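Small disclaimer: the values here were computed from a predicted structure and weren't measured.
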Amino acid sequence: MLEEVPVHDPEELKNFVSALTCEEIKELLEEAERYFGREVEIMDSVGGVLFHGDIHGDVDTLYKIWEQVGIEKVLDKFKLVFLGDYVDRGEYQLEALTLVLALKAMRPEEVVVLRGNHEPPEWLPPSPHDFPDVLVSKCGPSKGSEIYKVALQLFDSMPALALIDDVVALHGGPPVSKVMEGCEGEDCLKELDRKSLEEVLWSDPDELMGGKLCSWEDPPKLCVGSNPRGAGVVWGAGLTREFLERLGSKYIVRGHTAVDGFALSHNNRVYTLFTRSGPPYYNANAAALLLKRNSFNVIVVPALPIL
């Protein structure tokens with residue numbers, strides 16, 4: 001069923017998903033699980049890689065970015081990385097989730113679909129989390145709850161991290177606990193326990209720790225603080241340096257933070273992307289990031305008008 005999803009036009013996508021029966025939605029989510037199971041996705045950047053931040057049900061802005069790049073290039077040529085948060089808050093949550101799952105099914109080795117904090121483990125739901133309400137509204141309390149359980153099982157199968165040449169892709173931040181324990185190489189990305197998974201899904205970069213600047217040269221222990229979100233941590237440049245050195249990588253590309261399209265931090269080694277617009281953020285711009293020939297190009301589009 002996933003390979004039948006129309007992905008080249010947003011209106012066709014919306015019509016397709018709108019026409020799905022509740023049983024077909026359940027079957028679609030169950031089918032998607034077969035394309036996951038790897039703990040860490042590994043992919044090279046040959047031909048170009050387009051990274052996407054949070055979508056949160058805003059497929060219109062996503063297609064607007066793709067149109068600027070060229071939809072045929074995006075869907076047929078470039079490799080694609082999605083950094084999580086497909087559901088909650090937006091108007092077309094099920095459409096956004098269906099779209100990324102369909103792209104994964106159509107090009108399983110060239111599309112990476114990572115888990116965000118809004119694709120939660122059952123023990124750490126975000127708030128607000130209205131995706132279950134979307135399912136209940138469409139399918140009723142009993143069937144909607146049944147489909148949500150299938151969605152949770154799908155989310156648990158999704159990888160939280162990916163390696164693309166010199167780039168570590170994730171939703172929130174590094175697994176700080178594993179870095180502090182002295183992990184080396186790809187082991188820093190594997191066998192995430194609850195604490196380190198929470199850090200990967202929920203953490204945010206900052207320059208200050210307790211009011212003091214955390215520099216690139218500072219030891220990691222001085223560059224970790226509590227997160228106002230109530231989950232994950234806030235981490236500074238010294239932790240970024242240590243994490244990248246242990247992996248032999250150069251950059252972190254992430255989503256999670258509602259920036260105005262994109263932001264750079266930690267000696268320009270951390271790229272944050274936000275690929276949606278509209279309420280509740282009302283950001284002026286949305287962005288994606290194209291990695292091609294070992295250089296980055298940020299694609300920024302103005303936010304769609306709020307009607």
Participant: State plainly whether one hydrophobic cluster holds both L161 and Y271, where clusters connect Ile, Leu, Val, Met, Phe, Trp and Tyr through side-chain heavy atoms under 4.5 angstrom apart.
Facilitator: no
Participant: Could you tell me whether the side chain of R254 and the main chain of S203 form a donor-acceptor pair under 3.5 Å?
Facilitator: yes
Participant: Would you say the side-chain atoms of K178 pair up with the backbone N or O of C188, donor to acceptor, closer than 3.5 Å?
Facilitator: no
Participant: Got a donor-acceptor contact below 3.5 angstrom from the S137 side chain to the D133 backbone?
Facilitator: no
Participant: Assess whether a salt bridge exists between E23 and K143, defined as any Lys/Arg side-chain N lying under 4.0 Å from an Asp/Glu carboxylate O.
Facilitator: yes
Participant: Which word best sums up how the rings of F131 and H129 line up, parallel for under 30°, tilted for 30 to 60°, or perpendicular for over 60°?
Facilitator: tilted
Participant: Between V253 and L62, is there shared hydrophobic-cluster membership here, with clusters defined by ILVMFWY side-chain heavy atoms closer than 4.5 Å?
Facilitator: no
Participant: Does atom CD of E191 have more than 12 heavy-atom neighbours, drawn from other residues, nucleotides or ligands, at distances under 6.0 Å?
Facilitator: no
Participant: Using a 3.5 Å distance criterion without hydrogens, assess whether the side chain of D54 forms a donor-acceptor pair with backbone atoms of H256.
Facilitator: yes
Participant: Show the numbers, then the answer: is there a salt bridge (charged side-chain N to carboxylate O under 4.0 Å, His left out) between R89 and D58?
Facilitator: CA-CA 9 Å; R89 297 179 180 156; D58 181 11; over 6 Å; no
Participant: What distance do H118 atom NE2 and H171 atom NE2 have between them, rounded to the nearest 0.5 Å?
Facilitator: 6.5 Å
Participant: If we count only N and O atoms by modelled type, under 3.5 Å, do the side chains of S277 and T61 hold a donor and an acceptor together?
Facilitator: yes
Participant: With distance as the sole test, does E207 use its side chain to make a donor-acceptor pair with the main-chain N or O of L213 at under 3.5 Å?
Facilitator: no
Participant: Would a hydrophobic clustering, with Ile, Leu, Val, Met, Phe, Trp and Tyr connected at side-chain separations under 4.5 Å, put L50 with I55?
Facilitator: yes
Participant: Keeping the roles fixed (side chain from E119, backbone from G84), state whether a donor-acceptor pair exists under 3.5 Å.
Facilitator: no
Participant: Quick one: does any side-chain atom of E242 pair with a main-chain N or O of L239 as donor and acceptor, under 3.5 Å?
Facilitator: no
Participant: Examine I299 and V167 and state if one hydrophobic cluster contains both, with Ile, Leu, Val, Met, Phe, Trp and Tyr joined whenever side-chain heavy atoms are less than 4.5 Å apart.
Facilitator: no
Participant: Determine whether E198 and R194 satisfy the following criterion, salt bridge (charged side-chain N to carboxylate O under 4.0 Å, His left out), listing intermediate values before the conclusion.
Facilitator: CA-CA 6 Å; E198 177 184 327; R194 283 195 175 195; over 6 Å; no
Participant: Is it the case that over 12 heavy atoms from other parts of the model lie below 6.0 angstrom from the CG atom of N294?
Facilitator: no
Participant: Among R34, E27, E33, which one satisfies side chain to side chain contact (heavy atoms under 4.5 Å, CB included) with E31?
Facilitator: R34
Participant: Answer yes or no: is there an ion pair linking E109 with R38, defined by an N-O contact shorter than 4.0 Å?
Facilitator: yes
Participant: Scan side-chain atoms only and decide if S18 and N15 contain a donor-acceptor pair under the 3.5 Å cut-off.
Facilitator: no
Participant: Between K14 and D60 (salt bridge meaning N to carboxylate O under 4.0 Å), is one present in this structure?
Facilitator: yes
Participant: Against V17, only a single residue in V5, L97, L94 fulfils side chain to side chain contact (heavy atoms under 4.5 Å, CB included); can you say which?
Facilitator: L94
Participant: Answer yes or no: is there an ion pair linking D165 with K250, defined by an N-O contact shorter than 4.0 Å?
Facilitator: no
Participant: Please check if the number of heavy atoms outside F262 that lie under 6.0 Å from its CZ is greater than 12.
Facilitator: no
